[in-house]
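For the single chain, residues carry numbers from 1 onward in sequence order. Quick note: numbers below take in every heavy atom, side chains included, and nothing from hydrogens, waters or symmetry partners.
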Amino acid sequence: MRVEIWSDIACPWCYIGKARFEKGLAEFAHRDDVEVVHRSFELDPGRAKGDVGPVIPMLAKKYGRSIEEARAMEANVASNAHAEGLGYLADGRDHGNTFDIHRLLHLAKARGRQSELLDLAYRTNFAEERSVFDGEVLADIAVLAGLDAAEVRAVLGDENAYADEVRADEREAAELGANAVPFFVLDRTYGISGGQPAEVFTQALEQAWQEHTPALKTLAGDDAEVCGPDGCEVPR
(Lines give C-alpha, C1' and ligand atoms only; values in the text may rest on other atoms or scores of the structure.)
Protein backbone atom coordinates (compact mmCIF):
# COMPACT_ATOMS: atom_id res chain seq x y z
CA MET A 1 0.00 0.00 0.00
CA ARG A 2 1.19 3.51 -0.78
CA VAL A 3 0.25 6.51 1.33
CA GLU A 4 0.90 9.93 -0.19
CA ILE A 5 0.91 12.96 2.09
CA TRP A 6 0.56 16.47 0.69
CA SER A 7 1.91 19.02 3.15
CA ASP A 8 3.81 22.27 3.62
CA ILE A 9 6.59 22.91 6.11
CA ALA A 10 4.85 26.15 7.14
CA CYS A 11 1.69 24.27 8.16
CA PRO A 12 1.49 23.44 11.89
CA TRP A 13 -1.29 20.90 11.33
CA CYS A 14 0.95 19.10 8.84
CA TYR A 15 3.61 18.88 11.55
CA ILE A 16 1.07 17.60 14.08
CA GLY A 17 -0.73 15.43 11.52
CA LYS A 18 2.49 13.66 10.54
CA ALA A 19 3.07 12.67 14.17
CA ARG A 20 -0.51 11.44 14.52
CA PHE A 21 -0.34 9.50 11.27
CA GLU A 22 2.86 7.79 12.35
CA LYS A 23 1.24 6.77 15.64
CA GLY A 24 -1.74 5.40 13.71
CA LEU A 25 0.54 3.58 11.28
CA ALA A 26 2.43 1.98 14.18
CA GLU A 27 -0.84 0.32 15.25
CA PHE A 28 -1.58 -1.00 11.75
CA ALA A 29 -0.89 -4.73 11.39
CA HIS A 30 0.48 -4.36 7.84
CA ARG A 31 2.63 -1.29 8.56
CA ASP A 32 5.72 -2.93 7.06
CA ASP A 33 3.91 -3.12 3.71
CA VAL A 34 3.10 0.61 3.61
CA GLU A 35 5.20 2.98 1.50
CA VAL A 36 4.91 6.61 2.61
CA VAL A 37 5.60 9.35 0.06
CA HIS A 38 5.58 13.05 0.97
CA ARG A 39 4.38 15.45 -1.72
CA SER A 40 4.62 19.21 -2.12
CA PHE A 41 1.94 21.80 -1.41
CA GLU A 42 2.70 25.50 -0.96
CA LEU A 43 0.34 27.44 1.27
CA ASP A 44 1.70 30.80 0.11
CA PRO A 45 3.20 30.26 -3.36
CA GLY A 46 2.96 33.93 -4.26
CA ARG A 47 5.17 35.06 -1.41
CA ALA A 48 8.52 36.43 -2.57
CA LYS A 49 11.53 34.29 -1.69
CA GLY A 50 13.16 37.00 0.40
CA ASP A 51 9.96 38.02 2.17
CA VAL A 52 10.56 36.49 5.60
CA GLY A 53 8.96 37.82 8.75
CA PRO A 54 7.76 36.83 12.21
CA VAL A 55 4.73 34.56 12.43
CA ILE A 56 2.68 36.46 15.03
CA PRO A 57 2.25 39.72 13.05
CA MET A 58 1.52 37.67 9.92
CA LEU A 59 -1.28 35.79 11.73
CA ALA A 60 -2.71 38.99 13.18
CA LYS A 61 -2.86 40.58 9.72
CA LYS A 62 -4.24 37.49 7.99
CA TYR A 63 -7.03 36.93 10.49
CA GLY A 64 -7.70 40.56 11.37
CA ARG A 65 -6.80 39.94 15.00
CA SER A 66 -4.76 41.78 17.59
CA ILE A 67 -1.21 40.68 18.36
CA GLU A 68 -2.36 39.22 21.66
CA GLU A 69 -5.15 37.29 19.96
CA ALA A 70 -2.65 35.93 17.44
CA ARG A 71 -0.39 34.84 20.29
CA ALA A 72 -3.34 33.04 21.89
CA MET A 73 -4.05 31.25 18.60
CA GLU A 74 -0.47 30.06 18.39
CA ALA A 75 -0.51 28.98 22.04
CA ASN A 76 -3.56 26.83 21.29
CA VAL A 77 -1.83 25.15 18.38
CA ALA A 78 1.26 24.68 20.56
CA SER A 79 -0.80 22.80 23.14
CA ASN A 80 -1.93 20.37 20.43
CA ALA A 81 1.67 19.86 19.34
CA HIS A 82 2.89 19.33 22.90
CA ALA A 83 0.15 16.72 23.41
CA GLU A 84 1.78 14.72 20.60
CA GLY A 85 5.22 15.05 22.20
CA LEU A 86 6.36 17.68 19.70
CA GLY A 87 8.37 20.79 20.40
CA TYR A 88 6.64 24.03 19.42
CA LEU A 89 7.58 27.69 19.87
CA ALA A 90 4.40 29.72 20.09
CA ASP A 91 6.33 32.93 19.45
CA GLY A 92 9.57 33.93 17.76
CA ARG A 93 9.21 31.86 14.59
CA ASP A 94 9.57 33.08 11.00
CA HIS A 95 7.26 32.68 8.03
CA GLY A 96 8.32 32.71 4.38
CA ASN A 97 8.27 31.09 0.96
CA THR A 98 8.73 27.29 1.14
CA PHE A 99 9.57 26.53 -2.51
CA ASP A 100 13.27 25.88 -1.88
CA ILE A 101 12.43 23.54 0.98
CA HIS A 102 10.12 21.54 -1.29
CA ARG A 103 12.81 21.37 -3.97
CA LEU A 104 15.29 19.97 -1.46
CA LEU A 105 12.70 17.48 -0.24
CA HIS A 106 12.51 16.14 -3.80
CA LEU A 107 16.29 15.82 -3.88
CA ALA A 108 16.06 14.01 -0.55
CA LYS A 109 13.40 11.70 -1.97
CA ALA A 110 15.70 10.82 -4.87
CA ARG A 111 18.47 10.02 -2.37
CA GLY A 112 16.27 8.06 0.04
CA ARG A 113 16.44 10.71 2.79
CA GLN A 114 13.08 12.46 2.42
CA SER A 115 11.60 11.53 5.80
CA GLU A 116 14.81 12.53 7.58
CA LEU A 117 14.90 15.97 5.97
CA LEU A 118 11.19 16.56 6.52
CA ASP A 119 11.50 15.79 10.23
CA LEU A 120 14.47 18.14 10.57
CA ALA A 121 12.73 20.90 8.62
CA TYR A 122 9.61 20.65 10.78
CA ARG A 123 11.65 20.61 13.99
CA THR A 124 13.75 23.58 12.88
CA ASN A 125 10.73 25.60 11.82
CA PHE A 126 8.46 24.90 14.76
CA ALA A 127 10.68 24.03 17.70
CA GLU A 128 14.02 25.83 17.31
CA GLU A 129 15.09 29.45 17.47
CA ARG A 130 16.56 29.57 13.98
CA SER A 131 14.94 30.16 10.62
CA VAL A 132 14.48 27.36 8.10
CA PHE A 133 14.04 30.17 5.55
CA ASP A 134 17.72 31.07 5.95
CA GLY A 135 19.61 29.39 3.11
CA GLU A 136 22.56 28.47 5.32
CA VAL A 137 20.32 26.88 7.95
CA LEU A 138 18.42 24.99 5.26
CA ALA A 139 21.66 23.70 3.74
CA ASP A 140 22.93 22.66 7.16
CA ILE A 141 19.86 20.60 8.03
CA ALA A 142 19.87 18.99 4.57
CA VAL A 143 23.42 17.79 5.18
CA LEU A 144 22.43 16.65 8.68
CA ALA A 145 19.66 14.62 7.03
CA GLY A 146 22.31 12.77 5.04
CA LEU A 147 22.48 14.71 1.77
CA ASP A 148 25.72 15.68 0.05
CA ALA A 149 26.70 19.28 0.83
CA ALA A 150 27.83 20.11 -2.71
CA GLU A 151 24.68 18.65 -4.22
CA VAL A 152 22.49 20.56 -1.78
CA ARG A 153 24.16 23.86 -2.63
CA ALA A 154 23.92 23.11 -6.34
CA VAL A 155 20.16 22.60 -6.04
CA LEU A 156 19.70 25.73 -3.94
CA GLY A 157 21.75 27.67 -6.48
CA ASP A 158 19.64 26.54 -9.42
CA GLU A 159 16.03 27.70 -9.10
CA ASN A 160 14.96 25.21 -11.78
CA ALA A 161 16.33 22.15 -9.99
CA TYR A 162 13.39 19.94 -8.95
CA ALA A 163 10.98 22.80 -9.69
CA ASP A 164 9.02 20.65 -12.14
CA GLU A 165 8.62 17.95 -9.49
CA VAL A 166 7.19 20.44 -7.00
CA ARG A 167 4.75 21.81 -9.57
CA ALA A 168 3.71 18.30 -10.60
CA ASP A 169 2.83 17.48 -6.98
CA GLU A 170 0.79 20.65 -6.72
CA ARG A 171 -1.10 19.89 -9.93
CA GLU A 172 -1.91 16.41 -8.64
CA ALA A 173 -3.23 17.90 -5.40
CA ALA A 174 -5.56 20.14 -7.39
CA GLU A 175 -6.72 17.22 -9.53
CA LEU A 176 -7.54 15.24 -6.38
CA GLY A 177 -9.51 18.18 -4.99
CA ALA A 178 -7.05 18.99 -2.19
CA ASN A 179 -7.16 22.70 -1.37
CA ALA A 180 -5.81 22.42 2.17
CA VAL A 181 -3.22 20.36 3.97
CA PRO A 182 -2.35 17.94 5.37
CA PHE A 183 -4.05 15.68 2.84
CA PHE A 184 -3.46 11.94 2.93
CA VAL A 185 -4.23 9.63 0.00
CA LEU A 186 -4.27 5.88 0.55
CA ASP A 187 -3.62 3.81 -2.59
CA ARG A 188 -5.22 6.58 -4.70
CA THR A 189 -8.52 5.28 -3.33
CA TYR A 190 -9.17 6.97 -0.01
CA GLY A 191 -8.52 10.55 1.04
CA ILE A 192 -8.17 11.87 4.57
CA SER A 193 -8.06 15.61 5.20
CA GLY A 194 -6.57 17.22 8.27
CA GLY A 195 -4.56 16.22 11.30
CA GLN A 196 -6.92 13.47 12.43
CA PRO A 197 -6.47 11.48 15.66
CA ALA A 198 -4.12 8.50 15.38
CA GLU A 199 -6.95 5.98 15.65
CA VAL A 200 -8.68 7.46 12.62
CA PHE A 201 -5.57 6.82 10.55
CA THR A 202 -5.36 3.24 11.82
CA GLN A 203 -9.00 2.61 10.90
CA ALA A 204 -8.53 4.18 7.47
CA LEU A 205 -5.46 2.06 6.78
CA GLU A 206 -7.36 -1.07 7.75
CA GLN A 207 -10.28 -0.15 5.51
CA ALA A 208 -8.07 0.74 2.56
CA TRP A 209 -6.19 -2.54 3.00
CA GLN A 210 -9.43 -4.51 2.73
CA GLU A 211 -11.21 -2.50 0.06
CA HIS A 212 -9.90 -1.30 -3.29
CA THR A 213 -12.23 0.79 -5.45
CA PRO A 214 -11.39 3.05 -8.43
CA ALA A 215 -12.93 6.23 -7.05
CA LEU A 216 -11.36 8.42 -4.39
CA LYS A 217 -13.51 8.44 -1.26
CA THR A 218 -13.15 10.91 1.58
CA LEU A 219 -12.81 9.48 5.04
CA ALA A 220 -13.38 11.60 8.16
CA GLY A 221 -12.27 14.76 6.42
CA ASP A 222 -14.80 17.37 7.46
CA ASP A 223 -13.89 18.24 11.02
CA ALA A 224 -10.13 18.15 11.49
CA GLU A 225 -7.85 21.15 11.42
CA VAL A 226 -6.08 22.00 8.17
CA CYS A 227 -4.07 24.83 6.65
CA GLY A 228 -5.25 26.46 3.42
CA PRO A 229 -4.36 29.54 1.40
CA ASP A 230 -6.43 31.65 3.81
CA GLY A 231 -4.67 30.40 6.90
CA CYS A 232 -4.63 27.61 9.47
CA GLU A 233 -7.68 26.63 11.49
CA VAL A 234 -7.32 26.88 15.24
CA PRO A 235 -9.56 24.76 17.51
CA ARG A 236 -11.69 26.74 19.91
Side-chain angles (χ1 to χ4, degrees), residues 4-15 17-18 36-55 57-59 61-62 89 92-183 185 226-232:
E4 297 162 279
I5 307 173
W6 273 263
S7 60
D8 192 4
I9 197 66
C11 162
W13 294 113
C14 297
Y15 177 46
K18 181 177 185 292
V36 179
V37 178
H38 295 279
R39 299 204 178 277
S40 300
F41 189 106
E42 293 173 274
L43 289 171
D44 197 0
R47 192 180 186 98
K49 181 177 177 179
D51 184 8
V52 178
V55 165
M58 180 276 293
L59 291 174
K61 182 178 180 180
K62 180 181 286 289
L89 298 175
R93 294 189 295 107
D94 283 342
H95 178 74
N97 181 287
T98 58
F99 191 60
D100 281 350
I101 302 171
H102 285 296
R103 294 195 301 113
L104 278 187
L105 284 167
H106 275 280
L107 168 64
K109 178 184 175 184
R111 301 296 178 262
R113 308 299 294 176
Q114 188 183 49
S115 183
E116 290 82 357
L117 178 55
L118 185 60
D119 284 341
L120 283 169
Y122 275 138
R123 189 177 73 196
T124 302
N125 188 45
F126 289 108
E128 298 181 359
E129 293 184 351
R130 52 183 183 155
S131 177
V132 76
F133 304 103
D134 181 308
E136 290 301 316
V137 171
L138 183 55
D140 286 346
I141 66 170
V143 172
L144 188 60
L147 297 179
D148 177 76
E151 192 170 28
V152 167
R153 294 190 180 280
V155 169
L156 290 176
D158 178 2
E159 63 182 15
N160 293 315
Y162 293 99
D164 289 345
E165 287 82 350
V166 175
R167 299 305 184 211
D169 278 356
E170 293 173 338
R171 284 194 301 271
E172 281 195 271
E175 290 166 2
L176 291 170
N179 54 17
V181 286
F183 188 65
V185 176
V226 298
C227 294
D230 295 327
C232 299

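Between Trp13 and Cys232 there is a side-chain heavy-atom pair separated by less than 4.5 Å. A heavy-atom distance below 4.5 Å is not found between the side chains of Asp134 and Leu138. Taking 4.5 Å as the limit, every side-chain heavy atom of Lys18 sits out of range of all side-chain heavy atoms of Ile5. Using a 4.5 Å heavy-atom threshold, the side chains of Arg47 and His95 count as touching. Using a 4.5 Å heavy-atom cutoff, the side chains of Arg130 and Ile141 are in contact. Using a 4.5 Å heavy-atom threshold, the side chains of Phe126 and Pro12 count as touching. Contact annotation: the side chain of Leu43 never approaches that of Thr98 to less than 4.5 Å [non-hydrogen atoms, C-beta and beyond]. Two residues are said to be in side-chain contact when any heavy atoms from C-beta on lie closer than 4.5 Å; Lys109 and His38 fail this criterion.
His102 and Asp169 share no side-chain donor-acceptor pair at under 3.5 Å.
Not counting sequence neighbours, Phe133 has no partner by the ring-ring contact (aromatic ring centres under 6.0 Å, His included) test. Residues that satisfy the disulfide bond (SG atoms under 2.5 Å apart) test with Cys14, not counting sequence neighbours, are absent from this structure. For Val226, the side-chain contact (heavy atoms from CB on, under 4.5 Å) test picks out Ala180, Ser193, Glu233, with sequence neighbours left out. In this view, Tyr122 and Tyr15 satisfy the ring-ring contact (aromatic ring centres under 6.0 Å, His included) rule, not counting sequence neighbours. For Arg113, there are no side-chain hydrogen bond (donor to acceptor under 3.5 Å, both in side chains) partners two or more places apart in sequence or in a different chain.
A side-chain donor-acceptor contact under 3.5 Å links Glu170 to the backbone of Glu42. A donor-acceptor pair under 3.5 Å is formed between the side chain of Asn125 and the backbone N or O of Ile9.
Taking each heavy atom of Asn97 and Pro45 in turn, the nearest pair found is ND2-O, 3.8 Å. Summarising the geometry of Ala121 relative to Ile101, their closest heavy-atom pair is CB-CG2, 4.5 Å, with the distance given to 0.1 Å. The two residues Ala139 and Val152 make their nearest non-hydrogen contact at CA-CG1, 3.9 Å. When all heavy atoms of Leu117 and Ala108 are compared, the closest pair comes out as CD2-CB, 3.9 Å. Among all heavy-atom pairs drawn from Ser40 and Val166, the shortest one is CB-CG1, 3.8 Å. Smallest separation of non-hydrogen atoms from Ala173 and Phe41: CB-CD1, 4.0 Å.
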CA sep, side-chain torsions, deciding dist, call: Arg103, Asp100, salt bridge (Lys or Arg N to Asp or Glu O under 4.0 Å): CA-CA 5 Å; Arg103 294 195 301 113; Asp100 281 350; 2.9 Å; yes
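Rounded to the nearest 0.5 angstrom, Asp44 CG and Lys62 NZ are separated by 6.0 Å. For the atom pair CG (Asp164) and CG (Asn160), the distance works out to 7.5 Å, reported to the nearest 0.5 Å. Distance check, rounded to the nearest 0.5 Å: CD of Glu129 to CZ of Arg93 gives 12.0 Å.
Pairs passing the side chain to side chain donor-acceptor pair (under 3.5 Å) check and including a residue from residues 135-154, sequence neighbours excluded, read Arg111-Glu151, Glu136-Arg153.
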